[in-house]
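What you are looking at is a predicted structure, and each value in this text was computed from that prediction instead of being measured. The basis for the numbers below is simple: all heavy atoms, side chains too, and nothing from hydrogens, waters or symmetry mates.
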Amino acid sequence: MDNVQIAEMFSQMAKILEFKGENPFKIRAYVNAARSIKGLDEELALLYTSGNMGSIPGVGETLQKKIVEMLETGAFEAYERTTGEIPPGIIEIMEVPGIGPKMARLFYEKLGIISIDQLSKAAREHRIRRLPRMGEKQEDRILRSLIRLQQNRDHGRHPIALAMEIAREIKQELASNPHIESVFIVGSLRRKMDTVGGIDLIAFSNEPQKAIISFTGLDNVIEILQTSTTKASLIYKGDIKVELRIVDKECCGSMLQYFTGSREHNIHLRKLALSRGYILNEYGFTDVSSGRQTLCTKEKEVYDFLGLQYFPPELREDRGEIEASLTGKLPQLITKEDIKGDLHIHSNWSDGVNSIEELVQAAIQRGYEYIAITDHSPSTGIANGLSERRLLEHIEEIEHLQEIYDDIRIFSGTECDVRTDGKLDYSNDILERLDIVIAAVHSGLEQDRAKMTRRIIAALENEHVDILAHPTGRKFGRRPAYDLDMDRIMTVAKEKGKALEINSSPWRLDLDDINARKAKEHGVMIAISTDTHTIEHFDNISFGIDVARRSWIEPDDVLNAMNLKEICACLGVPKE
DNA sequence: GCCGTTTTCGGCCCGACTGTTTTCAGTCG
């Protein structure tokens, strides 16, 4: 079992216990443990074998034993026993948004409902509204929730690129409204998560009601979910949920901080505040003894108050940043200005749109010191992969352009297929003639963990390979990452001096933040590349940088943050 | 069930919103 599955078991256990009316603090312990496990960088199975399970916050002796049980048997006895005591469909009912353990219990006790179908039927027959503390609106809400659930299975999250574009569009429209002074993007989008569940905005306005009306009246609104005097949420084009809050200027620092999250980061801050005698909420700090309130108009003041350094939003995940800040050890995160070149680019020689010359000119415009043209190898037939003969012509073309453009270094390269047996798609004689070799898996994706790990390690062991592209192969909405022994791959990468890629394509973002952080901890170099197929893709670099920043990556960890002299030395190629 | 810079017992993060009530329970973030 992996971490997500184990966390899910604990979450479910909490709901079941609540359904049964058990001790609320015991329930919270399960909730806390689940949350803590979800945020872990390391696999529980590894922590178990290395004897480090005691280090997980919120997981004490009892829950550790249950984790071991799950790792060994796929379940734990207490879970089996407790779920056995309630009808099986109850768990599914509690998964419906808006229905928690208490309602599920009410429906069960009063109407004998033990399945989603029965719930749906009861709602349509207006039996729900007659229950205590229920009514017409509750019944309606449940029905809509059930319908939405049916429609939206697996379509809950949106890639950051799409969400960011919509957020900026809305922000711009709202900012031009006379009733609205400023608009800020908050939530997971501000923290630059690779996918987001929705868009959260906050704004200042001296006419909140009018601001809300102009928000709900935007052109591309599909459905208004809820409105109040200071808040509204709606479904926008692209089926994305957008939420806007109007907040007071005098506490806007606290509001920005609070609504940016993450939830885990905020919980940690509140506990820290409490240990120092203050209650922290979205308005500011309250002194527990005197009741005196301190409002924060700037976000930085919240952190100053607690004696912490300012956290870039990308770090706010409670993955050790607060501890690091207390000891003054926050990383100096990589920025766009640190990037000196792009090492994964396709031209119209394979499946790209632009000529090599157009790409070179675009790179010069972006101020890059170097680029690598890395067209596909023959196995990727669908992408017009280069035969050995065409690859040699490709190298000649690059040498020719290099003579014309002397203000940028053009590396000749390849994105070379790793075949199912781990062999590369070109002979070593050919690879030797290239400045840079990226190894990549494009086929045989259904291989199991052991085979795929062996295959990739074999590629990394080839002396000519410099970088492993999109290491886990995931594509949002298309396919999950393949199962890999990342620790082994990173150990080999470190040993052999190979870099791992953060592929900046918004559909890949691979490595993700968890794996990239792991790579850094292994001391493996990272290449932040765009996998450009058309000139516009150069701009995707910002998404790759977002992932790197969420992974605590600093300029020294990044291959293409090296200047020309350094990277030539690293690749073992001449500077000119 | 977890946890400790007042604690191995007695606490456990905070607030908004909704819909139902007429002071609050449940859910969510």
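Comparing the P positions of B/dG15 and B/dG10 gives a spacing of 26 Å, expressed to the nearest Å. Annotation: B/dC13 and B/dT5 have their P atoms spaced 15 Å apart (nearest Å). Separating the C1' atom of B/dT20 from that of B/dA25 is a span of 9 Å, rounded to the nearest Å. The gap from the P atom of B/dT22 to that of B/dG29 amounts to 29 Å, rounded to the nearest Å. Between B/dG11 and B/dT7, the distance separating the two P atoms is 14 Å to the nearest Å. Rounded to whole Å, the separation between the C1' atoms of B/dT21 and B/dG26 comes to 13 Å. Atom C1' of B/dT8 sits at a distance of 15 Å from the matching atom of B/dC12, rounded to the whole Å.
In this structure, NZ of A/K65 is placed 12 Å from C1' of B/dG1, rounded to the nearest angstrom. In this structure, the NE2 atom of A/H268 is 18 Å from the P atom of B/dC12, given to the nearest Å. B/dC2 atom P lies 4 Å from atom CG of A/L63, rounded to whole Å. Rounding to whole angstrom units, CD1 of residue A/I67 and P of B/dG1 are separated by 13 Å. Note: CD (A/E136) to P (B/dG19) measures 11 Å, nearest angstrom. When rounded to the nearest whole Å, the span between CD of A/Q64 and P of B/dC2 equals 8 Å. With rounding to whole Å, A/E264 atom CD is found 14 Å from B/dC13 atom P. Here B/dC13 presents its C1' atom at 10 Å from CD1 of A/I279, a figure rounded to the nearest Å.
Among the protein residues, A/T230 comes within range of the sugar-phosphate backbone only, with heavy atoms under 4.0 Å from sugar or phosphate atoms but none that close to a base. Across all strands, A/N23 comes closer than 4.0 Å to base atoms (heavy-atom distances).
Shown here, B/dT7 is classed syn by the O4'-C1'-N9-C4 or O4'-C1'-N1-C2 angle, which is within 90° of 0.
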Base, backbone or nothing for each nucleotide of nucleotides 21-29 of chain B, written B, S, -, heavy atoms under 4.0 angstrom, 5' to 3'? ---BSSSSB
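Taking the six-membered ring where the residue is Trp, A/Y278 and A/F285 present perpendicular rings, their angle passing 60° and hence far from 30°.
Ion pairing between a basic and an acidic side chain is recognised when a charged N comes within 4.0 Å of a carboxylate O; A/R517 and A/E317 show no such pairing.
At least one donor-acceptor pair closer than 3.5 Å links the side chain of A/H522 to the backbone N or O of A/K518. When atom types are taken as modelled, the side chain of A/N515 and the backbone of A/D512 share no donor-acceptor pair closer than 3.5 angstrom. In this structure, the side chain of A/S551 engages the main chain of A/D513 through a donor-acceptor pair within 3.5 Å. A donor-acceptor pair is defined here as one N or O able to donate and one able to accept, closer than 3.5 Å; no such pair exists between the side chain of A/S233 and the backbone of A/L225.
A/N32 has no side-chain polar atom (N or O) that falls below the 4.0 Å cut-off from OP1 or OP2 of B/dC2. Here A/K66 reaches the OP1 or OP2 of B/dG1: one of its side-chain N or O atoms lies under 4.0 Å away. The side chain of A/Q226 contributes an N or O atom lying less than 4.0 Å from OP1 or OP2 of B/dT18.
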Yes or no on salt bridge (Lys or Arg N to Asp or Glu O under 4.0 Å) for A/K237 and A/E169, after CA distance, side-chain angles and deciding distance? CA-CA 11 Å; A/K237 75 171 176 192; A/E169 174 185 312; 3.2 Å; yes
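Contact detail for A/R130 and A/H126: the closest heavy-atom pair is NH1-O, 3.3 Å.
Mapping A/R35 and A/S228 onto DNA chain B by nearest heavy atom places A/R35 at the nucleotide closer to the 5' end.
For the pair A/R316 and A/Y310, the distance from NZ or CZ to the six-membered ring centre is under 6.0 Å and the angle to the ring normal is within 45 degrees.
Closest contact between the side chain of A/Y30 and the listed nucleotides B/dG19, B/dC13, B/dG1 involves B/dG1. Residue A/Y283 places its side chain closer to B/dG15 than to any other of B/dG15, B/dC14, B/dC12.
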Using the 3.5 Å cut-off, write out each protein N or O paired with an N or O of nucleotides 3-6 of chain B and the distance between them.
residue	atom	partner	partner atom	Å
B/dC3	OP1	A/G58	N	2.6

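If you check B/dT8 for Watson-Crick or wobble pairing at under 3.5 angstrom, you find it has no partner at all.
Stacking here means ring centres nearer than 5.5 Å and ring planes tilted less than 30 degrees, and by that measure A/F25 does not stack onto B/dC2.
Aromatic pair A/F204/A/F184: centroids less than 6.0 angstrom apart.
The salt bridge (Lys or Arg N to Asp or Glu O under 4.0 Å) with A/D194 is formed by just one residue from the set A/R157, A/R474, A/R549; it is A/R474.
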